[in-house]
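Below: one structure, written as structure tokens.
All values below were derived from every heavy atom in this structure, side-chain atoms included, with hydrogens, water molecules and symmetry-related copies excluded.
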Amino acid sequence: MSLVNEHGKMWSSFAILIFVSGLLVGGLAIFFVSTNNSVNNSELQNQINELQAQISALEGSQNVTHQDITIYQNDASLAEIYANIKDSVVLIQGTTSSGSVQGSGFVYSYKGQNVVITNNHVVQGTNTLSVTFQNGNGYPATVLGYDPYSDLAVLSVNAATTEFKPLQIAGSSTLRVGEPVIAIGNPYGLVGSLTTGVISALGRTIVEDSINRFSIANVIQTNTPINPGNSGGPMLNAAGQVIGISTAIVLDSQGLAFAIPSNTILREIGALITTGTYTGHSYIGVNGNDINYNAAQQIGSSVTYGWRIATVLKGGPSEGKLQEGDIIIALNGVKIKNNDDLASYLEENTMPGQNISITVMRNNVNTVITVTLQQRPSLTA
């Protein structure tokens, strides 16, 4: 006895239909040969052609139905997505001691409070700020909170409630490489521009000048074309939900852009609004470099992956526990292949004050060390 699901039953029935139809076609063909004198040739041929057309149509409809269900269910067209969210994307302009700046942002409602979310680097060092909505109405704005370590900032805008059309933020934990994404922003001041692409990679780390040696962790890599002025604008999934914020590009590259993931926004938004800052970034107090095959050969390492410690910071959480030359290969049992893995794990899974189990290769001996994480040093905007 064999068991099949409903999908299997559908195709079994379809196979039987094809088999029976084939017999019918074959029978008709034989009948045509043996009774050539008693049946009109053209009429019989028409019957055969009609039956074959019905079989082809049935096979085609099965394929189309399957594709529609698995691929296009819940997805809206780009035009529909843009029409629904264009009024939620804003132009941010400001003045600094050295000139003017501009970028993008989007409207979000946090527990009934309307705010604008953008990048920290868009508003950093500004003396005055304004937000202009899609309809051309502009209003003064102030910074409620900011976090250089995640390049996030939240603004309060002195505008009527009717101006605010909040977007929905979806979690980024289930994102997959290859999924389509949409970026909307104001590149070079071209308000409300839309571009599309796919997720190229997940869990990247990038470094901005303002935060020195510390990296922005767990970043989304995409090939969506973004340009100066896109910073702070929403990156959306195929359902029109925010899954990230456009934040950086690699100059002179072809399709290398990055976005802060929505999980970071959801984790920090409450603290940024209520306290003006976020203090949940943990660190282990070491500097180092990725290990690969060539580096492992040069130092005689028995592992060809991981993150090799170059210095242990004085007064940091790892002082007296980790050593120069240690290769970190796991955190709490989770494999660490490089700095991307290390920074992303710390950002997503740990908090300051928490104990973490660090597996290192020390002189080619596997060693497990417990370290109590500390909070990253504070930075000014």
Side-chain angles (χ1 to χ4, degrees), residues 78-79 81-108 114-144 146 148 151-160 162-167 181-197 206 208-210 216 219-220 222-236 240 242-260 265 381:
L78 288 176
I81 291 173
Y82 183 79
N84 290 334
I85 66 94
K86 63 182 177 63
D87 293 334
S88 305
V89 181
V90 301
L91 172 67
I92 298 173
Q93 295 174 302
T95 59
T96 67
S97 58
S98 58
S100 60
V101 294
Q102 71 175 19
S104 306
F106 67 92
V107 176
Y108 181 68
N114 289 317
V115 296
V116 167
I117 300 176
T118 186
N119 286 143
N120 175 70
H121 78 259
V122 170
V123 301
Q124 185 177 14
T126 54
N127 302 315
T128 62
L129 276 175
S130 68
V131 164
T132 302
F133 292 88
Q134 182 75 16
N135 57 16
N137 294 336
Y139 303 91
T142 56
V143 178
L144 285 176
Y146 61 89
D151 198 19
L152 288 179
V154 181
L155 310 183
S156 173
V157 183
N158 186 18
T162 54
E163 295 280 19
F164 297 94
K165 296 174 176 57
L167 292 180
V181 288
I182 304 156
I184 299 180
N186 312 304
Y188 296 106
L190 299 173
V191 175
S193 298
L194 177 149
T195 57
T196 63
I206 58 176
E208 291 193 0
D209 294 338
S210 62
I216 300 174
V219 173
I220 299 167
T222 174
N223 69 345
T224 307
I226 60 175
N227 294 281
N230 271 112
S231 290
M235 190 157 287
L236 308 140
V242 177
I243 51 88
I245 300 180
S246 300
T247 192
I249 58 175
V250 176
L251 292 176
D252 300 321
S253 68
Q254 297 294 320
L256 277 176
F258 302 94
I260 306 301
I265 305 171

query = Is there a donor-acceptor pair under 3.5 Å between the side chain of Ser88 and the backbone N or O of Lys165?
reply = yes
Non-hydrogen side-chain atoms of Ile245 and Ile265 separated by less than 4.5 Å = yes
key: Val250 side chain reached by Phe258 side chain, heavy atoms, under 4.5 Å   = yes
ask   = Are side-chain N/O atoms of Thr128 and Thr95 paired as donor and acceptor at under 3.5 Å?
value = yes
query = Which of these passes side chain to side chain contact (heavy atoms under 4.5 Å, CB included) with Asn120: Asp151, Ile216, Val154, Leu152?
reply = Asp151
query = At what distance, to the nearest 0.5 angstrom, does CE of Met235 lie from OG1 of Thr247?
reply = 10.0 Å
task = Check whether more than 12 heavy atoms from other residues, nucleotides or ligands sit under 6.0 Å from atom CG of Asn158, and answer yes or no.
result = no
task = Kindly determine whether His121 and Ser231 satisfy side chain to side chain contact (heavy atoms under 4.5 Å, CB included), including the steps that lead there.
result = CA-CA 8 Å; His121 78 259; Ser231 290; 3.0 Å; yes
query = Which atoms form the tightest heavy-atom contact between Asn230 and Ile226, and what is the distance?
reply = OD1-CA, 3.4 Å
Considering all heavy atoms, the nearest Asn186-Leu91 contact = ND2-CA, 3.3 Å
request  = Assess the pair Phe133 and Phe164: is the distance between their ring centroids shorter than 6.0 Å?
outcome  = yes
note = Looking only at heavy atoms, the pair that brings Lys86 and Gln134 closest together is O-OE1, 3.6 Å
query = Can you find a pair of side-chain heavy atoms, one from Pro187 and one from Ser193, that are under 4.5 Å apart?
reply = yes
message = Pair Thr142, Leu155 - check side chain to side chain contact (heavy atoms under 4.5 Å, CB included), show working.
response = CA-CA 6 Å; Thr142 56; Leu155 310 183; over 6 Å; no
task = Would you check if Val90 and Thr132 make a side-chain contact, meaning some heavy-atom pair closer than 4.5 Å?
result = no
key: Nearest non-hydrogen partners of Thr222 and Val181, listed with the distance   = OG1-CG2, 3.5 Å
ask   = Roughly how far apart are Ile206 CD1 and Ile249 CD1, rounded to 0.5 Å?
value = 11.5 Å
Heavy-atom closest contact (Ser246 atom, Ala183 atom, distance) = OG-CB, 4.1 Å
ask   = What heavy-atom pair brings Ile92 and Val116 nearest, and what distance separates the two atoms?
value = CD1-CG1, 4.1 Å
query = Does Gly229 offer a backbone N or O that forms a donor-acceptor pair with the side chain of Ser104 under 3.5 Å?
reply = yes
ask   = What distance separates Ile182 CD1 from Ile243 CD1, expressed to the nearest 0.5 Å?
value = 9.5 Å
message = If we ignore hydrogens and angles and just use 3.5 Å, is the side chain of Thr195 paired with the main-chain N or O of Pro225 as donor and acceptor?
response = yes
message = Would Leu129 and Val143 count as a side chain to side chain contact (heavy atoms under 4.5 Å, CB included) here? Give the steps.
response = CA-CA 9 Å; Leu129 276 175; Val143 178; 3.7 Å; yes
ask   = So, Glu163 and Tyr139: side-chain donor and acceptor under 3.5 Å apart, yes or no?
value = yes
request  = Test side chain to side chain contact (heavy atoms under 4.5 Å, CB included) on Val122 and Val101 and set out the steps.
outcome  = CA-CA 7 Å; Val122 170; Val101 294; 5.6 Å; no
ask   = Atom CG in Asn119, atom CD1 in Ile260: separation rounded to 0.5 Å?
value = 6.5 Å
key: From CZ (Phe106) to CD1 (Ile184), nearest 0.5 Å   = 11.5 Å
